[in-house]
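The next block holds one structure in the form of structure tokens; read it before the comments.
Values below: every heavy atom of this structure, side chains too, minus hydrogens, waters and symmetry copies. Below, chain A is the first sequence line, B the second, and so on; all start at residue 1.
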There are 2 protein chains.
Amino acid sequence: MVNKKVVARLSSYRTALLRFHELGFVKVFSDTLAEAVGATSAQVRKDFSLFGISGNKKGGYQTDILIEKLQSLLGKDRVQPVIVVGIGNIGTALLKYRGFEDEGIRIVAGFDLDPAKINRKLKVPVLPADEMQDFIREQRVTIGIIAVPDAAAQAVCDTLVAAGIRGILNFAPIVLRAEEGVVVNNVNLQNELENVIYFVNTLAKQIKGK
Amino acid sequence: MVNKKVVARLSSYRTALLRFHELGFVKVFSDTLAEAVGATSAQVRKDFSLFGISGNKKGGYQTDILIEKLQSLLGKDRVQPVIVVGIGNIGTALLKYRGFEDEGIRIVAGFDLDPAKINRKLKVPVLPADEMQDFIREQRVTIGIIAVPDAAAQAVCDTLVAAGIRGILNFAPIVLRAEEGVVVNNVNLQNELENVIYFVNTLAKQIKGK
DNA sequence: GGATTATTGTGATAAATTTCACTAAAAACC
DNA sequence: GGTTTTTAGTGAAATTTATCACAATAATCC
Ligand SMILES: NC(=O)c1ccc[n+]([C@@H]2O[C@H](COP(=O)([O-])OP(=O)(O)OC[C@H]3O[C@@H](n4cnc5c(N)ncnc54)[C@H](O)[C@@H]3O)[C@@H](O)[C@H]2O)c1
Ligand SMILES: NC(=O)c1ccc[n+]([C@@H]2O[C@H](COP(=O)([O-])OP(=O)(O)OC[C@H]3O[C@@H](n4cnc5c(N)ncnc54)[C@H](O)[C@@H]3O)[C@@H](O)[C@H]2O)c1
């Protein structure tokens, strides 16, 4: 019943609400929120009802209470430690990004095979890959990001899962196999770009064709 | 009828096929392909039938012909020039990534407001934002990637569209408004991570609850 | 305080997407 | 050359996801 898309919308609602809150909005209506995230008002209400979130007939939803509930649903009530494996282009971008901290996501370490990438002095240290398993166990990290080349991704996945990682965000363009109970979410940037290219090309053809 | 998800699968089929081809596979079956991309064989065949791609009863699909057809559908028969706006963490990762070139995606320039980021000498030059519109028009670029802070994203989007960009891959966590006919695809990394966190947390609860 | 208005909450309905399950045809086998 | 096997192709069915539309109700107005 609760699927990836609904949860993604919850995240978007939350992001939008934080902005509204900052702008001083005390309450917000389903259609305001819908507009902000590109959905319909009925969908906003349906989504909320799915999680037992209710507002006020007339009067909408109280911004701070709503934020509170979404925070809790999305696990924002405590800091989530996350590690990044593969400190190349993408891995570095993630490590350097300052936006996660305010959102309760703390990248606690990076790992890489390449000795040149290792640096224990950084605020977010980059450690050798062979220290990864111990680190995960000791720090009880459950979320990992895979940003290694595709050929290495499955092996890294296996290692992570063996050490106790339960959720993976994967940037490598392959389908990872992991045991039941491990959550894998893929971000394939090339596919995303190709998607744009496809629709631009077909739209262009349609227009020419008309 | 043709939606984002189908096209995303086409991209995945293509990626998998290139690997199969490299491994010397001359033909491939719907269930092999399905397994490689995490789909079902019926879905693979349905997807292909949607695009008029047919194989051979028994004998499956001929790898090279299939690749050819997907290439053409995905606009790989010519190089697609792309620009990146905002050469921060994500923008830099994209500019430096070597994998796009082999895939017919050429990042032709980056743009940034910050003078410190400008460098015309690079293989992929980083240019001042105010040269962006002329560049797009002169080079007839139609695809752009937005990797600027959320507060700047809508303005950048408007500028891009005014200059002729028809498709946008957006990394900023806001919903961009663009005129009809402009394709916008959002990649929200924070949402993707929160998704993983959500499902890890709810799975953990379920297990404890049982 | 009764009428009016605005907005939620949700069953019913519709649309989209996926899977099923079977037909047809090509290849392999005997 | 006929039989068996294998796999594509595809309508039909099932499932999932989104929209509609309206009753319920709280605030506002007069
Ligand atoms: N950068 C992009 O824009 C982009 C775009 C599309 C896809 N991707 C995908 O994202 C992934 C990462 O891309 P990137 O550009 O950051 O790659 P990269 O080559 O810059 O970095 C990969 C890093 O992983 C490290 N590594 C390799 N094997 C490892 C292992 N077993 N354990 C730990 N570290 C290991 C390497 O030393 C390197 O530092 C790749 O799968 C790539 O296909 C990236
Ligand atoms: N880096 C990540 O891991 C990450 C994670 C989640 C979301 N994001 C989102 O991706 C976007 C980019 O993130 P980032 O970390 O690369 O940001 P960043 O701050 O490192 O880089 C942004 C760049 O955009 C430039 N810029 C600002 N306004 C501009 C304008 N009008 N025209 C041209 N350039 C302009 C800045 O000078 C800067 O170089 C942001 O919206 C961020 O919220 C990034």
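- Closest approach of B:E194 to A:S11, counting heavy atoms only: OE1-OG, 2.6 Å.
- Residue A:N3 has no polar side-chain atom (N or O) positioned under 4.0 Å from OP1 or OP2 of D:dT16.
- Contacts with DNA chain C (heavy atom under 4.0 Å) in residues 35-44 of chain A: none are found.
- Contact annotation: A:R45 side-chain N/O to D:dT19 OP1/OP2 distance is not under 4.0 Å.
- Across B:C157 and B:R177, no two heavy atoms sit closer than the pair SG-O, 4.0 Å.
- Applying the ring-ring contact (aromatic ring centres under 6.0 Å, His included) rule to B:F51 yields no partners; only residues at least two apart in sequence or on another chain are considered.
- Residues B:L70 and B:L10 approach most closely at CD2-CD2, 3.8 Å, considering heavy atoms.
- Of all the heavy atoms in A:N191 and B:A8, the pair that sits closest is ND2-O, 3.5 Å.
- For the atom pair CG (B:L23) and OG1 (B:T63), the distance works out to 10.5 Å, reported to the nearest 0.5 Å.
- For B:T32, the side chain to side chain donor-acceptor pair (under 3.5 Å) test picks out no residue, with sequence neighbours left out.
- Shown for residues 13-21 of chain A: no residue has heavy atoms falling under 4.0 angstrom of DNA chain C.
- Across every non-hydrogen atom of B:Y13 and B:V37, the tightest pair is CE2-CG2, 3.5 Å.
- Residues from residues 24-33 of chain A with heavy atoms under 4.0 angstrom of DNA chain C, sorted by number: A:F29, A:S30.
- Counting non-hydrogen atoms of other residues, nucleotides and ligands closer than 6.0 Å to CZ of A:R106 gives a total of 12 or fewer.
- When only modelled atom types and interatomic distance are considered, B:N186 and B:N170 share a side-chain donor-acceptor pair under 3.5 Å.
- Protein chain B contacts DNA chain C over a range whose 5' and 3' limits, counting nucleotides with an atom under 4.0 angstrom from a non-hydrogen atom, are C:dT17 to C:dA28.
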